[in-house]
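Throughout, protein chains are lettered first and strands after them, A, B, ... in sequence-line order, and every chain is numbered starting at 1.
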Protein chains: 4
Amino acid sequence: MSEPPLRADARRNRARILAAAVEVFDEHGTSASTEEVARRAGVAVGTVFRHFPTKADLLAAIMKELQGRLAARAETLAAEGDPAALFTFFAEVVERAAGARTVVHLLAADGTDVGVDRQIAGLGEALDALLARAREAGAVRAEVRLDEVIALLTAACHGALAAGWTPDLRHRAVTRLLDALRP
Amino acid sequence: MSEPPLRADARRNRARILAAAVEVFDEHGTSASTEEVARRAGVAVGTVFRHFPTKADLLAAIMKELQGRLAARAETLAAEGDPAALFTFFAEVVERAAGARTVVHLLAADGTDVGVDRQIAGLGEALDALLARAREAGAVRAEVRLDEVIALLTAACHGALAAGWTPDLRHRAVTRLLDALRP
Amino acid sequence: MSEPPLRADARRNRARILAAAVEVFDEHGTSASTEEVARRAGVAVGTVFRHFPTKADLLAAIMKELQGRLAARAETLAAEGDPAALFTFFAEVVERAAGARTVVHLLAADGTDVGVDRQIAGLGEALDALLARAREAGAVRAEVRLDEVIALLTAACHGALAAGWTPDLRHRAVTRLLDALRP
Amino acid sequence: MSEPPLRADARRNRARILAAAVEVFDEHGTSASTEEVARRAGVAVGTVFRHFPTKADLLAAIMKELQGRLAARAETLAAEGDPAALFTFFAEVVERAAGARTVVHLLAADGTDVGVDRQIAGLGEALDALLARAREAGAVRAEVRLDEVIALLTAACHGALAAGWTPDLRHRAVTRLLDALRP
DNA sequence: GATGAATGAGAGTTCATTCAT
DNA sequence: GATGAATGAACTCTCATTCAT
């Protein structure tokens with residue numbers, strides 16, 4: 001189960017590949033070629049496939065990392081105790097999605113599913129904490145449920161990526177969405 | 001400038017191809033093969049390419065048709081004079097998107113852009129009429145602008161397509177979204 | 001079940017691909033690349049895959065054709081009524097195998113099996129007729145059974161392909177083998 | 001000219017690699033990957049390549065070892081003086097081949113030649129002794145020559161590997177073959 | 001000497017697009 | 001106009017071999 005620690009150069013390459021993949025997939029979507037990822041990372045294709053035996057594995061790894069980062073951010077916010085933290089988090093995620101397809105794919109792997117379903121669960125827990133806090137403080141309506149929050153977040157991220165969403169429009173749309181959650 | 005009228009069989013083929021393409025792309029996404037479209041339409045690939053020199057052209061044609069249908073529906077609703085028609089339309093479109101990727105692609109061609117940008121304008125006009133009517137009747141907040149409505153609609157459609165949106169969740173999410181527009 | 005008749009050029013290409021494949025696989029074994037087959041046939045790879053969606057399909061087609069030819073030859077010999085026809089056929093097949101790996105693969109698909117099993121059955125029937133005739137005439141021992149004949153034939157073909165089997169040696173080895181079948 | 005004696009661990013590794021390679025190639029054929037061999041041997045690929053600079057070298061080494069073992073067995077049998085020892089040896093080798101591709105590759109490296117030709121010579125000497133003994137005792141026909149024996153043995157081993165050779169069929173086929181050598 | 005990560009040519013396969021029939 | 005066979009670039013993935021650690 002536990003794998004031996006990677007050699008220093010291997011770990012470095014793994015990281016570079018992951019970083020390159022995030023960039024490439026953010027720019028061209030997940031249909032971008034593995035070869036392009038390798039090129040951007042400055043390694044040979046074989047190296048990419050050594051680290052991620054399948055393109056799906058690469059995608060999954062990216063999503064996992066992203067999910068980890070988002071969940072961590074959510075936890076940090078939750079720890080700070082601000083009842084409106086849910087709104088902050090929501091807005092931040094959408095903002096991020098605006099420039100990166102990856103966030104969108106994490107929230108809704110439409111078709112090219114890569115086992116993201118389980119990862120969203122991890123994020124869900126973090127979100128749930130934020131939601132609970134907000135509910136207690138009366139910052140959101142009592143009947144708002146977790147799946148709705150995720151749904152709206154997903155929707156907003158997808159939308160944010162759509163052509164024509166200027167920063168201003170994005171801001172107004174998110175505001176509307178968050179208003180929908182308020183009492 | 002003006003092209004000669006198509007022969008009867010050509011016109012018939014064009015329609016069949018379009019219909020088949022809608023089906024195929026709804027089911028498998030826009031990455032489905034042209035050959036599959038041809039097969040479903042009962043014609044040979046060559047015929048598809050004669051009518052639509054490029055896959056992108058085919059996509060654009062589909063979008064145009066869809067836009068036409070949606071705009072027509074919006075106009076019909078507007079003509080009926082119900083102040084809440086905007087909400088009806090909104091819900092209907094999301095419902096449709098839930099089972100068909102095409103609507104989503106129309107509202108936000110993320111990447112595989114096929115000149116949809118201009119088409120959305122046509123739909124915008126129809127939506128604008130609905131919005132104006134709703135505003136006059138006080139059914140929506142005064143400050144809600146057209147681009148926000150489109151943004152939310154886009155977002156909702158994308159979300160509706162996401163894995164895990166059950167009909168129930170879809171209903172609740174749309175309700176929330178529409179609440180966000182109400183005074 | 002029945003496919004439409006191929007267009008003239010398609011039929012021509014199919015034949016050329018098959019012929020090229022026989023040559024290539026005879027020379028370099030079944031691990032030779034599909035690209036090489038295409039090159040030899042004077043077509044593009046895509047064409048090979050259009051006719052034979054999988055490399056295994058190509059192999060199977062070759063085997064089927066070969067089996068057909070061998071069975072036909074066996075039937076011809078059987079029709080002529082010579083009690084020693086079994087021996088003639090045996091020697092001919094081995095002779096052929098000496099210069100072509102394909103025969104060997106047909107008789108014993110060792111590993112890279114491509115559904116040849118069923119094809120050998122067809123050949124088996126033809127061989128059985130020859131064997132029956134020989135037995136009646138007392139040309140082979142009474143207890144010799146079909147599977148043994150196939151076994152020895154397979155063995156001889158494999159051997160004939162082995163490095164170092166000169167024509168002379170081949171002749172003597174086959175003679176010994178056939179002696180083993182005689183009373 | 002003479003190489004320095006290997007370090008103890010190096011000698012041990014060499015042996016383990018060889019043993020692993022025999023297993024792996026017996027199971028999956030010579031197209032099995034070098035990495036698989038290394039894994040089975042419990043060493044890293046680099047180590048395999050240090051000992052055998054090329055895959056072909058590894059194959060050749062295996063064959064040499066096998067040839068040594070078979071020759072030793074033949075000599076033992078020859079020393080015992082049984083006139084029928086040739087038959088015993090023949091049957092034993094075929095039996096072994098039935099479960100292991102390696103024997104077959106030794107006797108007839110069809111294509112992936114790895115310099116086995118010369119190795120068979122060594123085995124030939126041992127076989128020649130058995131043949132001579134059998135001839136003296138009148139156990140085989142006077143005109144049977146060494147190359148024929150090798151040819152039949154090769155053939156039988158190849159055949160034994162072929163799909164569909166049950167132990168029973170194998171026994172009958174070998175019996176037939178040996179009968180062919182008897183007066 | 002051993003390790004195992006990196007390399008990169010090459011394999012099988014797919015698909016938008018072209019063009020002879 | 002319609003057909004469907006041919007094209008060939010592109011894609012994912014494998015593996016013998018090299019070389020930094």
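- Comparing E/dA2, F/dA2, E/dT3 by their nearest atom to the side chain of B/D9 picks out F/dA2.
- Using a 4.0 Å heavy-atom distance criterion, D/T47 is classed as a base contact.
- Contacts of C/A41 with the nucleic acid, taken as non-hydrogen atoms under 4.0 Å apart, are absent.
- Of the listed nucleotides (E/dG12, E/dT3, F/dT3), E/dT3 has the atom at the smallest distance from the side chain of D/V43.
- Nearest nucleotide to the side chain of D/A10, out of E/dA16, E/dG1, F/dG1: E/dG1.
- Heavy atoms of B/A32 sit under 4.0 angstrom from primed sugar atoms or phosphate atoms, though from no base atom.
- Protein atom CG of D/L58 is 14 Å distant from nucleotide atom C1' of F/dC15, rounded to whole Å.
- With rounding to whole Å, A/R11 atom CZ is found 20 Å from E/dT3 atom P.
- Taken from OG1 in A/T47 to CZ in A/R14, the straight-line distance is 13.5 Å, to the nearest 0.5 Å.
- Side-chain contact between C/R16 and C/H51: absent, with no pair of heavy atoms (C-beta onward) separated by less than 4.5 Å.
- Across every strand in view, F/dA20 sits in a pair with E/dT3 that passes the Watson-Crick or G-U test at under 3.5 angstrom.
- F/dT7 atom P lies 14 Å from atom CZ of C/R39, rounded to whole Å.
- Side-chain atoms of B/R96 and B/R69, non-hydrogen and from C-beta on, do get closer than 4.5 Å to each other.
- Listed nucleotides E/dT3, F/dC15, F/dC13 differ in distance to D/A44; the shortest reach to its side chain belongs to E/dT3.
- Residue D/F49 has its side chain nearest to F/dT17 when only E/dA16, E/dT13, F/dT17 are considered.
- Between E/dA16, F/dA2, F/dC13, one nucleotide has an atom nearer to the side chain of B/T34 than all others, and that is E/dA16.
- Along DNA chain F, the nucleotide nearest B/G46 and the nucleotide nearest A/G46 are compared for position; the residue whose nucleotide lies closer to the 5' end is B/G46.
- If you take CZ on C/R39 and OG1 on C/T34, they are separated by 11.0 Å, rounding to the nearest 0.5 Å.
- The residue among B/G42 and A/V45 whose nearest nucleotide of DNA chain F lies closer to the 5′ end is B/G42.
- Of the two residues contacting DNA chain E, namely B/T54 and A/E35, the nearest-nucleotide position lying further toward the 5' end is that of A/E35.
- Note: CZ (D/R14) to C1' (E/dG1) measures 15 Å, nearest angstrom.
- Side-chain contact between B/R101 and B/T30 is absent, with no heavy atoms from C-beta onward closer than 4.5 Å.
- Between B/N13 and F/dA2 there is a side-chain N or O to OP1 or OP2 distance below 4.0 Å.
- Ranking F/dT17, F/dG8, F/dA2 by closeness to the B/R50 side chain, first place goes to F/dA2.
- By the 4.5 Å heavy-atom criterion applied to side chains, C/F25 and C/L58 are counted as neighbours.
- When the P atom of F/dA5 is taken as reference, atom CD1 of C/I17 falls 12 Å away, rounded to whole Å.
- Distance CD (B/E36) to C1' (E/dT14): 14 Å, rounded to an integer number of Å.
- Rounded to a whole Å, the CZ atom of B/F52 is 16 Å from the P atom of E/dT18.
- Within the shown strands, F/dA9 is the pairing partner of E/dT14 under the Watson-Crick or G-U definition, both distances less than 3.5 Å.
- Regarding C/R12, its CZ atom lies at a distance of 18 Å from the P atom of F/dG4, rounded to whole Å.
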